[in-house]
S.K.: 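Structure incoming, see below.
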Protein chains: 2
Amino acid sequence: MHYCLAMSNVSVPPALSIPGDATTTVQSVDRAVTILEILARSGEVGVTDLARELGVHKSTAFRLVAALERRRLVEQHVGRGKYRLGTGILRLAGATTSRLDLVQESRAVSRALAQRTGETVNVAVLSDGAALYMDQVAGSSALQPHNWVGQRIPLHATSNGKVLLSALDAADVVREAGAMPSFTANTITSLAALTRELAQTRDRGYAIAIDELEIGLTAVAAPVRNIHGEVAASLSISGPTFRLGARRVPELAEAVRAAADEVSSRLGWRGPHE
Amino acid sequence: MHYCLAMSNVSVPPALSIPGDATTTVQSVDRAVTILEILARSGEVGVTDLARELGVHKSTAFRLVAALERRRLVEQHVGRGKYRLGTGILRLAGATTSRLDLVQESRAVSRALAQRTGETVNVAVLSDGAALYMDQVAGSSALQPHNWVGQRIPLHATSNGKVLLSALDAADVVREAGAMPSFTANTITSLAALTRELAQTRDRGYAIAIDELEIGLTAVAAPVRNIHGEVAASLSISGPTFRLGARRVPELAEAVRAAADEVSSRLGWRGPHE
DNA sequence: TGATGATGTTGCGTTCGACGCAACAGTCAT
DNA sequence: ATGACTGTTGCGTCGAACGCAACATCATCA
């Protein structure tokens, strides 16, 4: 029973390059960030390929990665000249999670929920067409299946993804959900079915995914709202399907919803004033 | 019993700015990375303060953070104009851990060790005067105390730190260890004592830290070597002192050493050919 | 073994992009 | 209102970053 996904193979929409106001930007910084994203997507890449993807000269690409390498954001594979992401990124990431309100406020709640239920708790946000895991607390029952923090997961096949999608209007759902590839026989692949599922999610206040991303993996998620009442994140509980059977789901859904509401109120949400 | 440290308070040497060959660098990229590191260190910072620390004009600092913000590497606190690190960093970090050889090779070994002992396993590398946690597998016995991935921990007060220091020569030890602040009554604070401890670590092939970083926290660590035989990382097992008592340490030390050697061999190390 | 292709790396001259300036637009305290 | 702060933007200048081309290495292949 290894419900540890080979994330590298999960197709996720590429980062869209937002032109936006080209007025206020710094070209070389923008290119440097693009290099980081290319490396994140492709693993090891050489200067020549980077230059081709950026549409710049080889020497320009080289100087950019050299600048990043000096600061440890990328590393160079010894011998072979290829470049990859470096440890500097992790240093920054450690600081990020300890700074963001969402993670700070949710951690205590997540921990209590994990302890009470014995299952793994995750917190995710919407990020360019995927669910980005921000925090994770492993349950006591089992060994932690995988550290998903920083990983990006398809929206249409996960409980967290459905919750995050359920707050969007139809047009945005189409844009964010994208191609909807199939992972198991239970994966939702049609837009109509997804729309129905999202309506149901909104009605009952939580989402379920049973064997949709991987056989044997079940999850239940509920929305976390910010001070304006918008869905800012999703809090989920997940574990093996045999332990999170249909009989236990209602009870867990209630617990997840309560936990998510608790985080929401810590973020300043004062409930639905209608 | 909360052996979850308030990491923000642990003093760690600031990132030293390496001038190096100023020939091959890109000024604005370098400044942008500096901004990220300032934000990692200080949390929320405004444009004016960033400009002061960088030694540039306000408008320059603004354009740099704006470029980073467009790519989600920094976020702007609504209302208050302060900036902080953003979710883009986490996206990159997720890719980093799944790409680095060390993490890939160590994960299976760490998981097995955590399962067999029931305690938490960590993998750390040396990073600018601190131990940087690269990966963590929570033990089954207890709730995972804290997600330390990406966190930087003092070298002189941890088993991982001692292992990483034990591979350096005297001058480097002084440089990396730095001020050696005291965290508990058991913290090693004198250079002489640290030197003795490092010699012992080299001799027996593992390091111990009992109540040195925090009362009630015990850890045992062993070196992971790369293909050249250099100490590339440190693998540790940690848990509450009452469970990792002196009686159990020898057994755990042997297990940690075996696990570290296994990772070493996967990285290409072929044992001490003397 | 030398030729040919590929890679990453570096010096140099030019041009375009990033910089500093200063004015603007807000917010909060006095 | 005034002042003292913030973050933001148009503009002209100057230097930093770019493209070019040559170089250094390493594979592969004749």
Side-chain angles (χ1 to χ4, degrees), chain A residues 17-36 38-39 42-86 99 227-228 268, chain B residues 17-36 38-39 42-86 99 227:
Chain A
S17 68
I18 308 145
D21 330 358
T23 68
T24 308
T25 193
V26 181
Q27 190 189 52
S28 51
V29 172
D30 204 61
R31 287 173 171 171
V33 177
T34 303
I35 287 180
L36 294 178
I38 291 173
L39 293 176
S42 311
E44 292 199 334
V45 184
V47 165
T48 309
D49 290 331
L50 284 174
R52 189 181 8 255
E53 275 204 71
L54 283 172
V56 300
H57 195 267
K58 236 179 8 169
S59 63
T60 302
F62 170 74
R63 274 185 281 259
L64 289 170
V65 307
L68 293 171
E69 188 190 13
R70 184 152 326 183
R71 302 304 219 89
R72 293 277 134 89
L73 293 192
V74 309
E75 291 175 355
Q76 190 171 24
H77 200 182
V78 287
R80 290 245 134 286
K82 305 282 188 107
Y83 290 88
R84 59 167 70 167
L85 293 176
R99 302 286 184 200
I227 194 168
H228 305 112
Chain B
S17 69
I18 308 145
D21 330 355
T23 69
T24 308
T25 194
V26 181
Q27 190 189 53
S28 51
V29 171
D30 205 62
R31 286 173 171 171
V33 177
T34 303
I35 286 179
L36 293 178
I38 291 172
L39 292 177
S42 311
E44 292 199 335
V45 184
V47 166
T48 309
D49 291 331
L50 285 174
R52 188 180 10 256
E53 274 203 70
L54 283 172
V56 300
H57 195 268
K58 234 181 7 170
S59 63
T60 302
F62 170 73
R63 273 184 281 259
L64 289 170
V65 303
L68 292 172
E69 187 190 15
R70 183 152 328 185
R71 303 304 221 90
R72 294 277 132 89
L73 293 191
V74 309
E75 291 175 354
Q76 191 172 22
H77 200 182
V78 287
R80 288 246 132 284
K82 305 281 188 110
Y83 288 89
R84 60 167 71 164
L85 293 177
R99 303 285 184 200
I227 194 168

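In what follows, every chain begins at residue 1, and chains take the letters A, B, ... in the order their sequences are listed.
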S.K.: Any N/O pairs under 3.5 Å between the protein and nucleotides 15-19 of chain C? List them or say none.
M.R.:
unit_1, atom_1, unit_2, atom_2, d
C:dA18, OP1, A:Q27, N, 2.9
C:dA18, OP1, A:S28, N, 3.0
C:dA18, OP2, A:Q27, N, 2.9
C:dC19, OP1, B:R31, NH1, 3.0

S.K.: Apply the side chain to side chain donor-acceptor pair (under 3.5 Å) test between B:R84 and each candidate in B:E44, B:E75, B:Q76; give the one that qualifies.
M.R.: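 Answer after filtering B:E44, B:E75, B:Q76: B:E44.
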S.K.: Measure the CG-CG distance between A:L54 and A:L64 for me, rounded to the nearest 0.5 Å.
M.R.: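 The distance works out to 7.0 Å.
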S.K.: Tell me the interatomic distance from B:L50, atom CG, to D:dT6, atom C1', rounded to whole angstroms.
M.R.: 13 Å
S.K.: Any side-chain N or O of A:Y83 below 4.0 angstrom from OP1/OP2 of C:dT9?
M.R.: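 Yes, within the criterion.
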S.K.: Determine whether a donor-acceptor pair (one donor, one acceptor, N or O, separation below 3.5 Å) exists between the side chain of B:K58 and the base of D:dG7.
M.R.: yes
S.K.: Over how many whole Å does the gap from A:D30 atom CG to D:dA17 atom C1' extend?
M.R.: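 About 15 Å, once rounded to whole Å.
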S.K.: Compare every heavy atom of B:V65 with every heavy atom of B:Y83, then report the nearest pair and how far apart it is.
M.R.: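 B:Y83 and B:V65 have their closest heavy atoms at CZ-CG2, 3.6 Å.
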S.K.: Please test A:E69 against A:V74 for side-chain contact (heavy atoms from CB on, under 4.5 Å), starting from the C-alpha separation and ending with a verdict.
M.R.: CA-CA 5 Å; A:E69 188 190 13; A:V74 309; 3.8 Å; yes
S.K.: Just jot down the side-chain hydrogen bond (donor to acceptor under 3.5 Å, both in side chains) partners of A:E53, sequence neighbours excluded, or say none.
M.R.: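 side-chain hydrogen bond (donor to acceptor under 3.5 Å, both in side chains) list for A:E53, sorted by chain: empty.
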S.K.: For residues 27-34 of chain B, run the donor-acceptor check on the side chains, cut-off 3.5 Å, and write out each pair with its distance to 0.1 Å, sequence neighbours left out.
M.R.:
unit_1, atom_1, unit_2, atom_2, d
B:S28, OG, A:S28, OG, 2.4
B:D30, OD1, A:R71, NE, 3.1
B:T34, OG1, A:R71, NH2, 2.3
B:T34, OG1, B:D30, O, 2.9

S.K.: Grab the NZ-P distance between A:K82 and D:dA27 for me, whole Å please.
M.R.: 14 Å
S.K.: Restricting to non-hydrogen atoms, name the atom on A:I35 and the atom on A:A61 that form the minimum distance, rounded to 0.1 Å.
M.R.: CD1-O, 4.3 Å
S.K.: Starting at atom CD of B:E75, determine the distance to atom C1' of D:dG7, rounded to an integer number of angstrom.
M.R.: 18 Å
S.K.: Taking five pairs at each end, how big is the angle between the two axes of the helix from C:dT1-D:dA30 to C:dC28-D:dG3, to 10°?
M.R.: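 For the helix from C:dT1-D:dA30 to C:dC28-D:dG3, the axes at either end differ by 30°.
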S.K.: Give the rounded distance in Å between these two atoms: CZ of A:F62 and P of D:dT25.
M.R.: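 One finds 14 Å between P of D:dT25 and CZ of A:F62, rounded.
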S.K.: Would you give me the side-chain donor-acceptor pairs under 3.5 Å for residues 45-52 of chain B, sequence neighbours excluded?
M.R.:
unit_1, atom_1, unit_2, atom_2, d
B:D49, OD1, B:R52, NH2, 2.4

S.K.: Which heavy atom in A:R70 sits nearest to a heavy atom in B:T25, and how many Å separate them?
M.R.: NH1-CB, 4.2 Å
S.K.: Measure the distance from CD on A:Q76 to P on D:dC26 and round it to the nearest whole Å.
M.R.: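 My rounded result for the distance is 13 Å.
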